[in-house]
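Since the structure comes first, as structure tokens, the remarks are kept for the end.
Computed from heavy atoms alone, side chains included, the values below leave out hydrogens, waters and symmetry copies. No experiment lies behind these values; they were computed from the predicted model shown. Chain naming here is simple, since letters A, B, ... match the order of the sequence lines and numbering starts at 1 in each.
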Protein chains: 2
Amino acid sequence: MAKKLAKSTISQRRVLDAAAKMFRDYGYAGTTMRAIADESDLKAGSIYYHYKSKDELITAVLDLGINTVINTVQDALDALPETATGRERIETAVRAHLSAIIENGDYTLATRRVFGQVPEAIRLKNTKLRDSYGATWQNILRDAHDRGEFQTGADLTLARLFILGALNWTVEWYKPGGRMIDDVAREFTSVVVDGLAGQQGSFGLSDVGT
Amino acid sequence: MAKKLAKSTISQRRVLDAAAKMFRDYGYAGTTMRAIADESDLKAGSIYYHYKSKDELITAVLDLGINTVINTVQDALDALPETATGRERIETAVRAHLSAIIENGDYTLATRRVFGQVPEAIRLKNTKLRDSYGATWQNILRDAHDRGEFQTGADLTLARLFILGALNWTVEWYKPGGRMIDDVAREFTSVVVDGLAGQQGSFGLSDVGT
DNA sequence: TCCAAAACCTAACACTAGTTAGAAAAAACA
DNA sequence: TGTTTTTTCTAACTAGTGTTAGGTTTTGGA
């Protein structure tokens with residue numbers, strides 16, 4: 001099990017959900033306390049009973065957004081047997097990452113969209129979390145490499161940046177009700193591990209439309 | 001040659017550059033006309049001589065951001081000989097895309113960061129440009145596939161989303177003075193076309209550090 | 001040199017932002 | 001029930017927002 005998240009009252013969570021949704025749609029400066037209040041069926045002043053400033057709100061949204069992804073991926077990896085192959089580990093992490101960012105779209109999208117607009121101090125703390133997540137992925141790739149399961153010519157750091165970039169971008173185009181997360185995860189793994197020219201037919205959806 | 005961009009005076013461009021930089025750092029609502037004015041050595045009121053509203057400014061930044069990428073990639077592809085292989089076309093497009101978004105980082109980053117915060121009408125017009133760019137990539141992949149240069153099991157639409165996502169994410173971590181764009185482009189192509197497990201050593205940087 | 005057009009500035013307007021203090025209502029507990 | 005605690009609301013303040021009208025400076029050609 002991964003680290004527990006801080007507990008919170010129902011009202012606190014309602015405000016936080018509303019904040020995430022508003023930050024996601026309108027950015028940091030574009031989101032007003034009054035808009036968050038409307039979304040959570042409160043008046044603007046009442047928010048300050050739960051969070052003492054707008055900065056504290058955005059901090060909570062950012063941290064929850066990343067921690068959710070970190071914990072989901074770590075739990076999925078921990079649940080794997082020792083004997084799991086490098087490919088299985090990669091596909092598992094891909095699927096867990098996708099599940100987390102799609103099912104918590106408000107938080108993860110908000111995280112991505114406002115990250116560059118937030119005061120320096122807040123950004124720095126959040127960056128540490130991000131770095132540790134990057135290290136997790138680096139370990140997955142290096143581990144699979146060390147096991148000799150694939151002798152790659154690619155630089156692992158670049159490969160990691162490439163994979164995480166592609167995954168994070170998913171929230172931009174993924175539409176609920178369209179493709180299944182599992183299918184997307186399998187395709188992604190296929191492109192990354194095998195490449196476009198590899199293992200013909202073994203993992204393809206061939207043609208499932210747009 | 002790709003479509004010509006609208007001409008503009010020196011002052012107009014100075015204001016636009018300043019706007020792109022500010023939008024990039026502080027988002028749409030977070031960027032004030034006074035901040036743009038400061039950055040371009042003007043007073044707030046003077047901006048309205050060149051652009052009649054903040055909305056017109058953001059529209060110009062968004063359009064220039066995408067058009068630059070579209071034109072750069074299209075020109076690079078047009079310069080290729082008829083005999084170019086699918087792999088060469090992909091690597092060329094990858095390199096052109098990276099060059100465009102890195103050398104015009106203010107515009108492309110601004111484009112990405114404020115896209116979701118902008119009034120609906122503006123976003124719609126810009127979306128048409130984005131879709132046409134997606135079609136360009138789809139053609140590259142399908143063309144290479146039709147030529148029989150690789151029989152891929154991967155779904156091409158997903159592969160395209162995957163590739164563009166990874167490329168667009170580059171602006172988040174790329175630091176000028178670090179890796180060369182050409183190296184990154186070659187590695188990316190290698191991962192996409194060959195996969196992590198493919199063509200050992202033929203394209204790898206093996207270990208060039210972070 | 002003079003003059004008209006282009007470029008810029010000043011000062012203000014109406015409005016909205018985050019935040020706060022204190023009153024009011026709801027919930028919890030005796 | 002009455003009383004205390006938790007939660008919410010009201011009303012306001014200061015600071016800053018996009019935008020504009022009208023005046024001032026700069027530019028470039030006759």
Side-chain angles (χ1 to χ4, degrees), chain A residues 6-63 110 113-123, chain B residues 6-63 110 113-123:
Chain A
K7 69 180 173 185
S8 60
T9 70
I10 293 180
S11 286
Q12 273 179 336
R13 183 58 194 236
R14 205 178 66 221
V15 171
L16 203 61
D17 286 348
K21 183 174 179 181
M22 291 295 117
F23 282 135
R24 166 175 75 85
D25 287 344
Y26 304 105
Y28 176 64
T31 296
T32 71
M33 296 300 273
R34 287 165 177 85
I36 298 176
D38 275 1
E39 185 73 23
S40 46
D41 283 315
L42 283 180
K43 299 298 175 182
S46 309
I47 295 182
Y48 289 82
Y49 179 78
H50 301 288
Y51 298 91
K52 61 179 152 196
S53 71
K54 191 182 178 183
D55 280 6
E56 194 174 289
L57 255 179
I58 190 67
T59 300
V61 169
L62 288 178
D63 287 355
R113 292 225 170 119
V114 305
F115 186 67
Q117 310 166 18
V118 126
E120 181 104 2
I122 298 175
R123 189 165 50 225
Chain B
K7 68 180 172 186
S8 62
T9 71
I10 294 180
S11 285
Q12 272 180 338
R13 183 58 193 236
R14 206 177 67 221
V15 171
L16 203 60
D17 285 347
K21 184 173 178 182
M22 291 295 117
F23 283 135
R24 165 175 75 85
D25 286 344
Y26 305 106
Y28 177 63
T31 296
T32 71
M33 297 301 273
R34 286 165 178 85
I36 298 176
D38 275 1
E39 185 73 21
S40 46
D41 284 316
L42 284 180
K43 299 299 176 180
S46 308
I47 295 182
Y48 289 82
Y49 179 78
H50 301 287
Y51 299 90
K52 60 180 156 194
S53 70
K54 191 182 179 182
D55 280 6
E56 194 175 289
L57 255 179
I58 189 68
T59 299
V61 169
L62 288 178
D63 287 354
R113 292 222 170 121
V114 306
F115 186 69
Q117 309 167 18
V118 126
E120 182 104 358
I122 298 176
R123 189 165 50 226

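In this structure B:Arg123 satisfies the side-chain hydrogen bond (donor to acceptor under 3.5 Å, both in side chains) test together with B:Glu120, sequence neighbours excluded.
Rounded to whole Å, atom C1' of D:dT10 lies 15 Å from atom CD1 of A:Ile47. Atom NZ in B:Lys54 sits roughly 4 Å away from atom P in D:dG18 (whole-Å rounding). A:Leu42 places its CG atom 11 Å from the P atom of D:dT10, with the value rounded to the nearest Å. Atom OH in B:Tyr51 sits about 17 Å away from atom P in D:dG18, given to the nearest Å. One interatomic measurement links the two molecules: NZ of B:Lys43 to C1' of D:dT24, which rounds to 14 Å at whole-angstrom precision. Regarding B:Met33, its CE atom lies at a distance of 6 Å from the P atom of D:dT19, rounded to whole Å. Between the P atom of D:dT17 and the CD1 atom of B:Ile36 lies a distance of 11 Å, rounded to the nearest Å.
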Nucleotides 11-16 of chain D: protein proximity per nucleotide (B base, S sugar-phosphate only, - neither; heavy atom, under 4.0 Å)
-B----

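Around the OH atom of B:Tyr26, the shell of radius 6.0 Å holds no more than 12 heavy atoms that belong to other residues, nucleotides or ligands.
Note that OG1 of A:Thr9 is 6.0 Å distant from NE2 of A:His50, once rounded to the nearest 0.5 Å. Of the inter-residue distances, the one linking B:Thr31 atom OG1 with B:Lys54 atom NZ reads 6.0 Å to the nearest 0.5 angstrom. Rounding to the nearest 0.5 angstrom, the gap separating the OH atom in B:Tyr49 from the CD atom in B:Gln12 is 9.0 Å.
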If you look only at distance, which donor and acceptor atoms sit under 3.5 Å apart when one is on a side chain in residues 33-44 of chain B and the other is two or more places apart or in another chain?
{"residue": "B:Glu39", "atom": "OE2", "partner": "B:Lys21", "partner atom": "NZ", "Å": "3.2"}
{"residue": "B:Ser40", "atom": "OG", "partner": "B:Ile36", "partner atom": "O", "Å": "2.7"}
{"residue": "B:Ser40", "atom": "OG", "partner": "B:Ala37", "partner atom": "O", "Å": "3.4"}

Give every donor-acceptor pair under 3.5 Å between a side-chain atom in residues 55-62 of chain A and any protein atom, sequence neighbours left out.
{"residue": "A:Asp55", "atom": "OD1", "partner": "A:Tyr28", "partner atom": "OH", "Å": "2.3"}
{"residue": "A:Thr59", "atom": "OG1", "partner": "A:Asp55", "partner atom": "O", "Å": "2.8"}

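Extent of DNA chain C lying under 4.0 Å from chain A heavy atoms, first and last nucleotide in 5' to 3' order, is C:dA17 to C:dT20.
At distances below 3.5 Å, at least one donor-acceptor pair connects side-chain atoms of B:Arg113 with backbone N or O atoms of B:Arg24.
Listed pair A:Ser46 / D:dC9 meets the phosphate criterion, a side-chain N or O lying under 4.0 Å from OP1 or OP2. Contact annotation: A:His50 reaches the phosphate of D:dT8 (side-chain N/O to OP1 or OP2, under 4.0 Å).
Nearest-nucleotide positions on DNA chain C place B:Tyr49 closer to the 5' end than the other of A:Thr31 and B:Tyr49.
Scanning residues 20-30 of chain A for heavy-atom distances under 4.0 Å to DNA chain C yields an empty list.
Here the closest heavy-atom approach between residue B:Ala20 and residue B:Ala110 is recorded as O-CB, 3.5 Å.
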